[in-house]
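Quick notes on the structure that follows.
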Amino acid sequence: MASDLLANLNPQQRKAVTLPDVSSLVLAGAGSGKTSVLISRIAYLLENNMCSPGEIFAVTFTNKAAKEMMTRLQARMPLNTRAMWVGTFHGLCNRLLRLHHEAAGLPAAFAILDMSDQLGAIKRIMKANNISEEVLPARKIQNYINKQKEEGLRAKDIKPYGFGERELLRVYEIYEKVLVREGATDFGELILRTYELLKNNEPLREHYQARFKYILIDEFQDTNKLQYNLLKILGGYGRQDRKPNALFAVGDDDQSIYAFRGANVGNMKDFLRDFMITDPIRLEQNYRSQGNILDAANYLISNNRERLGKNLWTEAGKGDPIRIYKADNENEEAAYIVDTIKDFVRNGEDLRQIAILYRSNAQSRALETELTSRGVKYVVYGGLRFYDRAEIKNALAYLRLAENIADDSAFMRVVNTPARGIGAKTVETLLDLAKENKISLFEATSLLKGATANKVRVFTDIINDIRSKRFSLPLTALINYTVQRSGLQQMYEADENGQERLENLQELTSSAAAFLDQEGFKNNEDCENNDNLGPLTLFLSQATLEAGDNQAKAGEEAVQLMTIHASKGLEFNNVFITGLENGLFPHDKCMSEPKELQEERRLMYVAITRARKKLYLTYAAQRLLHGMSRYNVKSSFLDELPNTAIKWLSPKEDDDGLGQNYFNNSYSYSSKGYKDGREDYFQNRDSYRSKPVQKSENIPSWAQSIGFRKEEKKQVEKIRSQVKDNDGFNIGTKLSHERFGMGTIIGIEGQGADKKVVVKFNSAGTKTLLLAIAKKKLSII
DNA sequence: ATGTCGCTCGTTTTT
DNA sequence: CGAGCGACAT
């Protein structure tokens, strides 16, 4: 059977899978069969009795990856899934902390704050301590706290630089205390607590070091410092008295695109050094993309420095060239893409095999508009996730509070939802009482007096009621009861737009049922298989840790739209990478720092390597962004692709004006082969050319021709103020109309007695008014 | 307590 | 341009 397992592997893959009991790094290029290797490795360990399932600890980056791993393993062999620890860092840390909550200093039912809960908690702290949001935005503090935790630093470990950081640190300190009092954790806290638990608790450390003989890490380039330290401690790194565990790290430094949220590519080099690994295994044979696509990816990424080094190759042919298309604007870019998609469809291609990728979410709009109007089905990944929906969070907040009355985040969320007459004033009193007496908001309610106390009692009665039923009712019934008893049901029934929310709440019950089934619960007492945790506790933490997938609806045939970040790990026959313009991709904010530019380049590398067969790169000379039209120069990444692999589909050789040649001397259409690049596309479709380019009227051309930013906006305002006429009605003038209310002038037509103003009213829509007539009904504000 | 107005800001994001 | 939020009015 072992030979069976290895039959389909290439020599490098086989080497990785069959490694003995040692630590190793597998540099797995895009499309090199990384997931298969990881799964085969586990199967190999088990089939050769190198360890039991209970001795495996496998970390992935997303829940999706963890699930896929389990599914594929189970398809291969019968498994005790519960014994094997497979999951995300956060999921596994949560599991460990629940098991040892006492040792970790947490209540059994500790809450997990998601990002918005965390932000809310910080805002609450700021208010209580008179820290103005204007001086120190809550988001900044949140960022700061999370960064520190990712580095493994508690407030007490930090020596602040200057006043600014001292203030940040002060909030961090209070935040730590508040979380302890609330019996709550956050995402960073799950990891940090686990790390500290193992570090400070010798028996536990010994136990887990002895237990997890094989530690496997997927997407190792995405780990942060704290996570790496956790892996080291779990693996018994640095111990002289016994052999350390085997860490099997799989990753690709060229696909590290999450530095902005703490991922530290440096971990890969540190890992080689720390574990004295001299020969990382390179998986360089690519089974996904055609030659030209791979050539382009290799050529582009070779511009990055400090790579561990790797060159993808394929046995497949060169395939189609990568096509580059320049559009006049974002609408035409979309039109070109949809045209091409229609061609694919005519040739029988599956819509699911077509992906449109972009750097930032805002870019999907123009694409969606075009796809809709031309009747092409599409799915956008990365919208609002299930557990992020307000109605779901509300229902869960009731349950959270029932489970842990100290959970102030949950309290704040639902104390007046649905509205029951508990306003800002009451909440403020409660916050004061809670702060004074160092108790939770829920406990503080007992200190209220008079009519307010009675109003609040309605709420606390609900919570107590749900709380009293949380062990006796099965989870699904408990959720239904909560939705009823809380008044959420009635609230959404009364709301004419509440239908969908009610359906989502129904769905919450179904998802709980599915969850129980998946976890193997038969009834509430049936906890032995689940580390003795109750279903509600498990369900609530999974709700936060798996905010819900953004997958396309199963079976639905649709073009796939997503950011490049979201596309990591996926593959498609046909890929469009859009918005290849300097400022957009690479993004403005990443162009000055070489480090950030390199991350942008890796992002481009990820995007390119998503494609199996056909790859289209598009950009628009003009793009409407933030309601402002701006001219763009094509992305410098386009200059980093090998001529042999690309084909320019440029409709015209010299239509750039100020654009390309002026700003980018390395650019030349002819050298990129415009002539042979003219495909039949342009013979049939000059219509795009004839479409008038919509220029933004109010901006001087000099300002349009360069990236149009805030500083320039001010100058434009100045110039405009010099040329406006003196009757006071100009573009931008705010006015009020007797009948139509408030509005802003967005256009001027005619002059003198014929002068008309186009006014966009705040509620009455846009109207064109003849000034001579309308004047008496108008007043300038 | 709730709704409306107007200002600001605008990469990527999983857990 | 448009989401989100805080200030202000009803």
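In what follows, chains are A, B, ... by sequence order, proteins preceding strands, each numbered from 1.
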Practice task
Verify the contact: side-chain N or O of A:K589 to OP1 or OP2 of B:dC9, cut-off strictly under 4.0 Å; return yes or no.
Solution key: no
Exercise for the section: Decide if the gap between the ring center of A:F585 and the ring center of A:Y619 is smaller than 6.0 angstrom. Expected result: no
Exercise for the section: Name the nucleic acid region contacted by A:G188, choosing base, sugar-phosphate or nothing; use a 4.0 angstrom heavy-atom cut-off, strictly under. Expected result: nothing
Exercise for the section: Remember a base hit wins even if backbone is also touched, and classify A:F585 as base, sugar-phosphate or nothing at under 4.0 Å, heavy atoms. Expected result: nothing
Practice task
Between C:dG4 and B:dT13, how far apart are the P atoms? Round to whole Å, please.
Solution key: 15 Å
Problem - B:dT15 phosphate, OP1 or OP2, under 4.0 Å from A:R385 side-chain N/O - result: yes
Exercise for the section: Figure out the CZ/C1' separation between A:R139 and B:dT12, and round it to whole Å. Expected result: 14 Å
Exercise for the section: Would you tell me if any nitrogen or oxygen in the side chain of A:N416 comes within less than 4.0 Å of OP1 or OP2 on B:dT2? Expected result: yes
Exercise for the section: Ignoring backbone atoms, establish whether A:N63 has a side-chain N or O less than 4.0 Å from OP1 or OP2 of B:dT14. Expected result: no
Fill in the blank from the handout: When rounded to whole Å, the CG to P distance for the pair A:L624 and C:dC1 reads 8 Å
Exercise for the section: May I ask you to verify if any side-chain N or O of A:N224 is less than 4.0 angstrom from the OP1 or OP2 atom of B:dT15? Expected result: no
Problem - A:S360 vs B:dG10: side-chain N/O to OP1/OP2 distance below 4.0 Å - result: no
Exercise for the section: Report yes if a side-chain nitrogen or oxygen of A:R261 is closer than 4.0 Å to either non-bridging phosphate oxygen (OP1 or OP2) of B:dT15; otherwise report no. Expected result: no
Practice task
Go through the N and O atoms of the side chain of A:H90 and the base of B:dT15, and report whether any donor-acceptor pair is under 3.5 Å.
Solution key: yes
Practice task
Using a strict 4.0 Å threshold on nitrogen-to-oxygen distance, state whether A:R261 and A:E150 make a salt bridge.
Solution key: no
Practice task
Give A:L113 one of three labels, base, sugar-phosphate or nothing, depending on what nucleic acid heavy atoms sit under 4.0 Å from its own.
Solution key: nothing
Completion exercise
Per side-chain hydrogen bond (donor to acceptor under 3.5 Å, both in side chains), A:E546 is matched among A:R385, A:H90, A:K67 by A:K67
Practice task
Indicate whether A:F89 forms a stack on B:dT15; treat it as stacked only if centroid distance is below 5.5 angstrom and interplanar angle below 30 degrees.
Solution key: no
Handout entry: Salt-bridge present (A:K34, A:D252; N to O < 4.0 Å)
Key = no
